[in-house]
Amino acid sequence: MTTEAVKTTDQGQTPKYAWVILFAVFFASFVVPVNFFKVPVIFPVFMEEFGFSPDNIGWMMSMFTFISIVLAFPAAGLARKFGYRKVAVVGIGACIAGGLIGVFAPNAGVLLAGRFLEGLAQGFFGVIAPAMLVPWFSRRHFGLAVGIWGIWMPAGGALMQNLTPWLYNTTGTWQSIYWFAIIFSAIILVVFLLLYREAPAGAQVVDEDADAPRQKTNWGKVFSLSLIMAGVMFTIFNLAGNGTINTFLPTFLQMDKGLDNQTSGFVNSVFTIIAILGNAAAGFISDRLGTRKWLIVAGLIGMMIGEWLMFDFISTATMWTGVVITGVFQAFASTCTSASIPEIITDKKNVGWGMAMLGFA
């Protein structure tokens, strides 16, 4: 990609290779949910084999995300210093290494250590992936690009919530699920290395003179009130989404409602499949309406209603109504938040710090 090609992104044109970059970034990011969602549907299995209780089994997910909090802001700095490509490769490699540790884990402590290492990928991709798209896409197409990329988490969830119980019921071992994730991650690493191209140095700043002295970052402009509020909102969104639904809904349906692991995984996957369609729609609609803010507000209100129905249902119809409503509106909240960061931070070289705020959230 030439500097001229990069400049076209601010002039309403998107280079053709941008869509290949989107493909590469999407599947590199997809490694994260494949590894993240390989365990919650079979929580009872890990509880029995490793001695977890209902009070501490959540660490199987929390350990994965804890490192994301720690790495959020360092990830942005590492990407600026070493480049997105190298940071992404380390993230995927961490999933492979963490998975191998988990396969041979003799106890719960080692198993959690592997989850911690896998979490490096989420800490990296949650921050760098949208920033990797910024120099390639014009504002006219950026919302759609982020919407398509935003499918990574729900699509991975939908895949693993159906595949995990099938693999376990077929093989009788949870290790088969880990091996699938390891092999998948290795294949995607090769694909990413073949397809991804790093944008030239300085490409993110269209009018920047490469020979001019670098100006100090104005942190007051970067971490504006708008960005801070987006971070607060995204924290609440993730408590309601990843922290509640993606982590505990399958176990809730099994232990409280009597569903088996295959059925509970299917229910959760339907929720994520709806979110997949909603992400692309949210990006397209927000591009056309020219607003992210009010679609985020609508998304949060819809999630509140949907989750109330989902967890307090008295009939199957009520539960499915909550699943549909939550899936649709969660997509609008997440996609529009990510797409809003380059608009809140107008200096493109600092967009990574904005994504770090969302990664921390």
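- Using a 4.5 Å heavy-atom cutoff, the side chains of Val191 and Phe27 are not in contact.
- Of the possible donor and acceptor atoms, one in the side chain of Glu118 sits under 3.5 Å from a partner among the backbone N and O of Gly99.
- Looking only at side-chain heavy atoms (C-beta outward), Phe329 and Ile301 stay at 4.5 Å or farther from each other.
- Atom CZ of residue Phe137 and atom CG of residue Leu144 lie 8.0 Å apart, to the nearest 0.5 angstrom.
- Inter-residue side-chain proximity for Pro40 and Met61 is flagged as met; some heavy-atom pair is nearer than 4.5 Å.
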Go through Phe180 and Val34 one step at a time and tell me if the side chain to side chain contact (heavy atoms under 4.5 Å, CB included) criterion holds.
CA-CA 9 Å; Phe180 168 81; Val34 165; 4.2 Å; yes
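- Checking side-chain atoms of Arg115 against main-chain N and O of Phe36 turns up a donor-acceptor pair under 3.5 Å.
- The ring of Phe184 has its center closer than 6.0 angstrom to the ring center of Phe30.
- Annotation: the span from Glu49 atom CD to Leu111 atom CG amounts to 9.0 Å, rounded to 0.5 Å.
- Ring centroid separation for the pair Phe43 and Phe46 does not come in under the 6.0 Å cut-off.
- Clustering ILVMFWY residues whenever any of their side-chain heavy atoms sit less than 4.5 angstrom apart, transitively, puts Ile151 in the very cluster that holds Phe125.
- Between the OH atom of Tyr17 and the CG atom of Leu195 there is a distance of 5.5 Å, given to the nearest 0.5 Å.
- Contacts classified as side chain to side chain donor-acceptor pair (under 3.5 Å) and involving residues 18-33 (residues at least two apart or in different chains) are given here: Ser29-Trp149.
- In this structure, the separation between CZ on Phe237 and CG on Leu239 is 11.0 Å, given to the nearest 0.5 Å.
- The shortest distance between side-chain heavy atoms of Val323 and Trp320 falls below 4.5 Å.
- When the options Ile182, Val45, Ile42, Leu163 are evaluated for a side-chain contact (heavy atoms from CB on, under 4.5 Å) with Ile177, the one that passes is Ile42.
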In sequence, state the C-alpha distance, the side-chain angles, and the governing distance for Val32 and Trp152, and then conclude on side chain to side chain contact (heavy atoms under 4.5 Å, CB included).
CA-CA 8 Å; Val32 175; Trp152 69 306; 3.7 Å; yes
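- Counting only heavy atoms from C-beta outward, the side chains of Tyr196 and Ile21 approach each other to under 4.5 Å.
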Side chain to side chain contact (heavy atoms under 4.5 Å, CB included) between Leu112 and Phe52, intermediate numbers included:
CA-CA 11 Å; Leu112 290 176; Phe52 288 107; 4.3 Å; yes
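- Side-chain contact between Trp136 and Leu22 is absent, with no heavy atoms from C-beta onward closer than 4.5 Å.
- Rounding to the nearest 0.5 Å gives a distance of 4.5 Å between CE of Met233 and CD1 of Ile296.
- Of the possible polar contacts, none joining the Ser185 side chain to the Ile92 backbone as a donor-acceptor pair under 3.5 Å is found.
- Counting heavy atoms from C-beta outward, Leu193 and Arg85 have side chains that approach closer than 4.5 Å.
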